[in-house]
Amino acid sequence: MVRFVAVRLLRALLTIVLVVTFAFIVLRLSGDPALAIMGNEAPPEALAAFRREWGLDDPLWLQYLTYFRAIFRGEFGISMRGGGRALDLVMSRIPATLALTLPALVLKLSIGIPAGIYAALHRNTRIDRAVMVAAVTGYTVPSFVLGLLLVQWFSIWLGWLPTGGGGGWPHLLLPVLTLGIGGGAVLARFVRSAMLEVLGQPYIRTASAKGIPWAAVVRGHALPNAAIPTVTIIGFLVGNLIAGAVVVESVFSWPGIGNLLVVSVTARDLSVVQCILLFVTVTMVFSNLTVDFLYGVLDPRLRNTGQSGGH
């Protein structure tokens with residue numbers, strides 16, 4: 001068990017370092033923050049002073065080492081655009097993002113799990129086909145397209161809900177629906193497949209042949225075994241909530257981390273962008289790590305084989 005935990009912790013740490021390194025390099029090769037923040041009309045002396053102040057004229061390897069030393073000290077940089085601490089700016093947006101992503105997660109689970117189970121138990125019926133058509137549609141439509149469609153229907157045509165912005169639950173409803181529908185569709189397809197695989201196993205037929213009521217077979221044998229692979233997709237959906245919020249918050253002008261990321265990338269505010277990417281990476285890696293540990297608990301055989309459903 002110790003080896004099982006150690007291997008996965010090391011893998012998680014390596015993933016975080018690689019992602020942060022890649023983002024660091026790409027951000028510095030994709031444009032000059034001095035020009036983005038000060039403008040093309042700024043005199044060369046002012047641009048040079050800006051680069052010197054923020055260490056942008058140092059070699060890339062030195063900037064990289066300086067950045068990682070600061071992270072290990074718990075320092076995530078200063079916003080080039082606003083002057084405040086990048087971490088404080090990001091933390092101030094987390095409550096708004098959680099207010100969006102947590103209800104969206106509940107909606108995904110509420111849609112996907114019951115729909116997938118019901119479709120599997122009524123395989124090849126009209127209900128099954130209807131659920132799968134809805135699931136495929138919800139999965140294939142991009143979130144920004146779905147968001148714009150919801151705005152068109154509920155805000156412009158019906159006038160029931162605001163088109164965007166921060167505020168109470170009326171402003172929150174459309175973004176939550178946009179995030180929740182797509183994830184619920186993915187989960188429904190996966191749960192249906194997991195249930196069908198379990199229902200086709202010999203022990204299910206044996207339990208039915210013994211005269212055990214079908215409802216008891218489903219509750220006692222099918223659902224617990226289908227839950228093991230389902231943990232994988234739920235962990236994936238949790239990890240992608242923050243990443244998906246980037247698009248949805250931009251569409252609805254929701255004042256969360258995703259919206260801040262778009263604004264900061266446009267303004268070339270490197271410290272804020274790096275802080276957000278680190279937060280998103282840690283969130284996704286932690287979700288996958290949790291899936292690994294849950295797999296080890298639900299199926300102890302995985303601790304011996306070294307396999308995992310989270311990666």
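From a predicted model like this one, the values you see are computed outputs, not experimental measurements.
- Closest approach of Ala188 and Met132 over heavy atoms only: O-CE, 4.3 Å.
- Ile111 contributes atom CD1, which lies 6.0 Å from atom CD1 of Ile181 (distance to the nearest 0.5 angstrom).
- Between Thr178 and Gly147 the shortest heavy-atom distance is OG1-CA, 3.5 Å.
- How far CG of Leu223 is from CD1 of Ile117: 5.0 Å, rounded to the nearest 0.5 Å.
- When side chains are defined from C-beta on, Leu56 counts as touching Phe50, because their heavy atoms get closer than 4.5 Å.
- Under a hydrophobic-cluster definition in which Ile, Leu, Val, Met, Phe, Trp and Tyr are linked whenever side-chain heavy atoms come within less than 4.5 Å, directly or via other members, Val17 and Val273 are assigned to the same cluster.
- When the side chains of ILVMFWY residues are joined at heavy-atom separations under 4.5 Å, either directly or via intervening members, Val282 and Val90 end up in a single hydrophobic cluster.
- Using a distance-only test at 3.5 Å, with no hydrogens or angles considered, a donor-acceptor pair links the side chain of Arg205 to the main chain of Gly200.
- Leu177 is listed as a side-chain neighbour of Leu107, based on a closest heavy-atom distance under 4.5 Å.
- At least one side-chain heavy atom of Leu260 sits under 4.5 Å from a side-chain heavy atom of Ile276.
- Summarising the geometry of Leu196 relative to Arg123, their closest heavy-atom pair is CD2-CD, 3.6 Å, with the distance given to 0.1 Å.
- In this structure, CD1 in Ile71 is found 10.0 Å from CD1 in Ile16, a value given to the nearest 0.5 Å.
- Here the side chain of Asn259 pairs no donor or acceptor atom with the backbone of Pro255 at under 3.5 angstrom.
- The shortest heavy-atom contact between Ala115 and Val131 is O-CG1, 3.9 Å.
- Between Ala104 and Leu179, the shortest heavy-atom contact is CB-CB, 3.6 Å.
- No chain of hydrophobic side-chain contacts below 4.5 Å, direct or via other Ile, Leu, Val, Met, Phe, Trp or Tyr residues, connects Val136 to Leu149.
- For residues 261-279, the pairs satisfying side chain to side chain donor-acceptor pair (under 3.5 Å) are Arg28-Gln274, Ser30-Arg268, Ser79-Asp269, with sequence neighbours left out.
- How far CG of Leu146 is from OG1 of Thr137: 11.0 Å, rounded to the nearest 0.5 Å.
- Annotation: side chain of Leu199 is in contact with side chain of Leu121 (closest heavy-atom distance under 4.5 Å).
- With a 4.5 Å cut-off on side-chain heavy atoms, Trp54 and Ile78 count as touching.
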query = How far apart are the C-alpha atoms of Leu109 and Leu187, what are their side-chain angles, what is the distance that settles it, and do they pass the side chain to side chain contact (heavy atoms under 4.5 Å, CB included) test?
reply = CA-CA 8 Å; Leu109 299 178; Leu187 186 57; 3.8 Å; yes
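- Closest approach of Leu161 to Pro170, counting heavy atoms only: CD2-O, 3.8 Å.
- Atoms CZ and CD, from Arg52 and Glu45 in turn, are 10.5 Å apart once rounded to the nearest 0.5 Å.
- Residue Tyr203 places its OH atom among more than 12 non-hydrogen atoms of other residues, nucleotides or ligands, all under 6.0 Å distant.
- For Tyr64, the OH atom is densely surrounded, since the number of other residues' heavy atoms within 6.0 Å is greater than 12.
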message = Please determine whether side chain to side chain contact (heavy atoms under 4.5 Å, CB included) holds for the pair Tyr67 and Val20, giving the CA-CA distance in whole Å, both sets of side-chain angles, and the decisive distance to 0.1 Å.
response = CA-CA 10 Å; Tyr67 172 61; Val20 171; 3.5 Å; yes
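- Put simply, Val285 and Phe24 are part of the same group of oily side chains (I, L, V, M, F, W, Y) that touch within less than 4.5 Å, one to the next.
- The closest side-chain heavy-atom distance from Gln152 to Leu148 is not below 4.5 Å.
- By the 4.5 Å heavy-atom criterion applied to side chains, Val151 and Phe252 are counted as neighbours.
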inquiry  = Does Val280 form a side chain to side chain contact (heavy atoms under 4.5 Å, CB included) with Met284? I'd like the steps, not just the answer.
reply    = CA-CA 6 Å; Val280 173; Met284 298 186 70; 4.1 Å; yes
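- Take Arg73 and apply the salt bridge (charged side-chain N to carboxylate O under 4.0 Å, His left out) test, not counting sequence neighbours, and it matches Glu75.
- By the 4.5 Å heavy-atom criterion applied to side chains, Tyr118 and Ile127 are counted as neighbours.
- The backbone N or O of Pro162 sits less than 3.5 Å from a side-chain atom of Ser155, completing a donor-acceptor pair.
- At distances below 3.5 Å, at least one donor-acceptor pair connects side-chain atoms of Trp254 with backbone N or O atoms of Ala96.
- Applying the side chain to side chain donor-acceptor pair (under 3.5 Å) test to pairs two or more places apart or on separate chains, those with a residue in residues 82-108 are Arg85-Asp88, Thr97-Glu249.
- Under a hydrophobic clustering in which Ile, Leu, Val, Met, Phe, Trp and Tyr are joined whenever their side-chain heavy atoms come within less than 4.5 Å, directly or via other members, Leu277 and Leu18 fall into different clusters.
- Taking CG of Asn225 as the reference point, atom CE of Met195 lies at 10.0 Å (rounded to 0.5 Å).
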